[in-house]
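Beneath this line is the structure, given in structure tokens, with notes to follow.
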Amino acid sequence: MNQMVVQSLEGVGLPAVAVLLVSALWFLLCREHPRIRAVGIGLIVAGGIIWAYQLAFGGLTYPPREPGQWIPYLAALAALLGCLQSFRLGRLAWNFALALATALIFFWSQVPGNLLALLWILAVTIVLFLSTVILQQVIEDRCSGAELALSLALAAGAGGVASFLGGSAVLGQISAALGLLLGVVAVLAFFYNATVGAVLPLIYVFVFGTLLLSGCLFAQLPWLTAILLWVAPWALIFGQRSDQPRISRRAGVFLLRILGVVVLVALAIGSAVLLAPPSSEL
Amino acid sequence: MKKHYLPLLFSIVSVAGATVAQADSFKIDPVHSTILFKINHFGVGYVYGRFDAFSGAFTLDQNDASKDAVSVEIKTDSVDTNAPDRDKHIKSPDFFNAAQYSTATFKSTSVKKVDDKTYEVTGDFTLRGVTKPVTLDVKAVGTGPGPKGEIRAGWEATTTLKRSEFEVKTFLPAVGDDVALTIAVEGIKQ
């Protein structure tokens, strides 16, 4: 098989297998402790993202000089902040600070000589901050753990395909890895009928946000595709979660609930196919 | 009698000046210059590419090569490998990240004369925001008047970079780490 394809599959698959094994154990151990479970799942997924990044880019860059190079650091920071928030330590203030920091990573260097960059900083900060509120509070209250994790997984996985179509195989690989890691957590959350907590959405917002912005600004990911992918999990705002104890009944409601997310993700992929030039083989 | 020799003396000085005098400055003529690279592909072949947009200048001191200097600025967005899709990929954050790092530069720090036609030019090469020292093996091709009478000097420089040192590590080792670079320039005396 093509050596680059093997590398990409390893880059996505190895972290996913590791996260599957460790998360399964963690779900089992923390069945009765949702807060500790959420903290552990967040840290495990953040570790998986950092490993996936290392496999894709051949290591971490310190100090980071490009927005994309901040991804592993943002994953770690979001996980740590999420852990603090699990113990009710200043969720909104920290989220706003992290949203602002992420916006500055992208646009701070452009502020001298380009005041429009300030508008970008403001816009990105608001979008990221509101997204954390929506995913951590509104959707989390209305979703089961599996619904939330799967919706994020679908968006991130589709982001991998879209980024690849948009000309960046590496951003695509990391996004696909993020999608698979979240998918693994979704499967476990479904079978354990457990919540995943507020750490996971926080990591997702800042890692996936950085991936999409990098794709739009530095590769050729269409903005329309990025926006559709970003709002796809918001479809879960509609309706209520199902905590049916029986798996078969839970699965039915689950599929219905996830349909809106699937439609938005399908539209995003369609837009990427139409708008993004085909990627190449090196 | 001495007066009769003066015009002859001036003529000799003029001819010498028409070649290369002390510390002459040259501007790279992009129309007659090329920047090429080649990189191994899967261990079975080489992919060649070039940069279509670049600029630069060099200074030549006839008497003291250590005073020579050269600087080149390459537009990363102008990479051309005869495959437009691949070029887009090379410009992406996977490789050059041309939207953020629009140029790659070389600025000499020292020049050592090996023989009349060969030099070793050491300098700082910056790619994707990473600066590393690089030594170019430089051969003098020729010096003389161009079609409009302007004085031209031609050089060909070669070196091999390790792209991983510049944090361009995507698809290693399937796409090789060593990048052979050839900078062939004609400069026009200013």
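So that the names make sense, note that chain A is the first sequence line, chain B the second, and so on, each numbered from 1. Nothing here was measured: the structure is a model prediction, and the numbers come from that model.
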Chain B contact via A/Gln69 - side chain, backbone, both or neither, heavy atoms under 4.5 Å:
side chain

Quick one: ring-ring contact (aromatic ring centres under 6.0 Å, His included) pairs with a partner in residues 59-87 of chain B, sequence neighbours left out?
none

For B/Lys75, side-chain contact (heavy atoms from CB on, under 4.5 Å) partners two or more places apart:
B/Ala53, B/Glu73, B/Ser78, B/Thr103

Above 12 or not: heavy atoms from other molecules or residues under 6.0 Å from CZ of A/Phe96?
no

A/Ala169 versus B/Asp94, closest heavy-atom pair with distance
N-OD2, 2.6 Å

Step through the shown structure and confirm whether more than 12 heavy atoms of other residues, nucleotides or ligands are within 6.0 Å of CG on B/Asp115.
yes

Engaged part of B/Glu167 at the chain A interface, taking heavy atoms whose separation is under 4.5 Å:
side chain

Which atom names give the shortest non-hydrogen contact between A/Glu66 and B/Tyr101, and what distance separates them?
OE2-CE1, 3.1 Å

Between A/Ala219 and B/Pro93, which heavy-atom pair has the shortest distance, and what is it?
CB-CD, 4.0 Å

Between A/Ser8 and B/Phe171 the two heavy atoms that sit nearest each other are OG-CE2, 4.2 Å

Just checking heavy atoms, which of residues 124-131 of chain B are less than 4.5 Å from chain A?
B/Arg128, B/Gly129, B/Val130

Partner set under side chain to side chain donor-acceptor pair (under 3.5 Å) for B/Ser110, not counting sequence neighbours
none

Is it the case that more than 12 heavy atoms not belonging to A/Trp108 sit under 6.0 Å from its CH2 atom?
no

With a 6.0 Å cut-off (strictly less than), is the heavy-atom count around CH2 of A/Trp51, excluding the residue itself, greater than 12?
yes

